[in-house]
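Notes follow the structure.
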Amino acid sequence: MELEQLRIFAAVARERSFTKGGRRLYLSHSTASRAVSALEEELGVTLLERSNRVLDLSPAGERLLAEAEELLKRADALPALLRQISADDSAGSNLL
């Protein structure tokens, strides 16, 4: 499971659309669909219920969306956290 797959799944799940979710990430409908299908295959669960162009989350999809959003939020915050740690470390070494 790749972070990018989770990012694509979360966008598609939020929008309830491969087209809109893909567009949010500057991806085609087919790229978004393939990424979610690959994730479902890898995990061995159905994440999205597909019917008549309408997407609903399965129970596993609902749980994964909640977990993925938390993980993505933390991953997105990590670079700033590391820069802050580095800046604090540099400021501390200047005192010596």
Side-chain angles (χ1 to χ4, degrees):
M1 176 178 3
E2 300 290 327
L3 201 56
E4 190 60 20
Q5 285 176 302
L6 291 176
R7 195 174 304 283
I8 294 167
F9 165 73
V12 168
R14 281 188 221 111
E15 296 290 340
R16 300 293 201 266
S17 164
F18 289 110
T19 301
K20 291 177 184 177
R23 191 178 302 142
R24 178 186 271 206
L25 299 173
Y26 305 100
L27 301 171
S28 68
H29 170 282
S30 61
T31 299
S33 178
R34 282 194 308 269
V36 172
S37 292
L39 185 59
E40 288 177 317
E41 186 173 320
E42 180 179 342
L43 297 175
V45 297
T46 299
L47 300 171
L48 297 171
E49 304 290 343
R50 300 151 173 91
S51 63
N52 297 331
R53 296 183 180 236
V54 175
L55 298 178
D56 286 318
L57 291 170
S58 70
E62 288 180 17
R63 180 60 186 260
L64 181 61
L65 179 59
E67 297 292 334
E69 286 180 330
E70 182 62 32
L71 182 62
L72 292 167
K73 182 170 49 172
R74 292 184 69 181
D76 290 344
L78 198 51
L81 174 64
L82 295 174
R83 283 191 297 274
Q84 183 61 49
I85 290 169
S86 180
D88 291 348
D89 187 47
S90 294
S93 65
N94 288 336
L95 297 176
L96 299 176

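For clarity, every value in this text was computed on a predicted model and none was experimentally measured.
For Arg24, the side chain to side chain contact (heavy atoms under 4.5 Å, CB included) partners are Ala11, Arg14, Glu15, not counting sequence neighbours. Qualifying ring pair (Phe, Tyr, Trp, His ring centres under 6.0 Å) partners for Phe18, counting only residues two or more places apart in sequence or in other chains: His29.
One distance of note links OG1 of Thr19 with CG of Leu27; it measures 11.5 Å at 0.5 Å rounding.
Counted within 6.0 Å of CD on Glu42, heavy atoms from surrounding residues, nucleotides or ligands total more than 12; the atom is thus considered enclosed.
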When the side chains of residues 30-39 are checked against the rest of the protein, which donor-acceptor pairs come out under 3.5 Å, sequence neighbours left out?
unit_1: Ser30; atom_1: OG; unit_2: Ser28; atom_2: OG; d: 3.2
unit_1: Thr31; atom_1: OG1; unit_2: Ser28; atom_2: OG; d: 2.9
unit_1: Ser37; atom_1: OG; unit_2: Ser33; atom_2: O; d: 3.1

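Ala10 approaches Leu72 most closely through the heavy-atom pair CB-CD1, 4.0 Å. Residues Met1 and Gln5 come closest through the heavy atom pair CA-OE1, 3.5 Å. Annotation for Glu40 and Leu47: closest pair OE2-N, 2.8 Å, computed over non-hydrogen atoms.
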Assess the residue pair Leu43 and Leu64 against the criterion (side chain to side chain contact (heavy atoms under 4.5 Å, CB included)); give the C-alpha distance rounded to whole Å, side-chain angles, the decisive distance to 0.1 Å, and a yes or no.
CA-CA 11 Å; Leu43 297 175; Leu64 181 61; 4.1 Å; yes
Could you go through the side chain to side chain contact (heavy atoms under 4.5 Å, CB included) check for Arg74 and Leu78 one step at a time?
CA-CA 6 Å; Arg74 292 184 69 181; Leu78 198 51; over 6 Å; no
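Proximity of Leu57 to Arg16: side-chain heavy atoms (C-beta onward) are separated by under 4.5 Å at one or more points. By the 4.5 Å heavy-atom criterion applied to side chains, Asp56 and Leu48 are not counted as neighbours. For the pair Leu55/Glu49, no side-chain contact is recorded, criterion being any heavy-atom separation below 4.5 Å from C-beta on.
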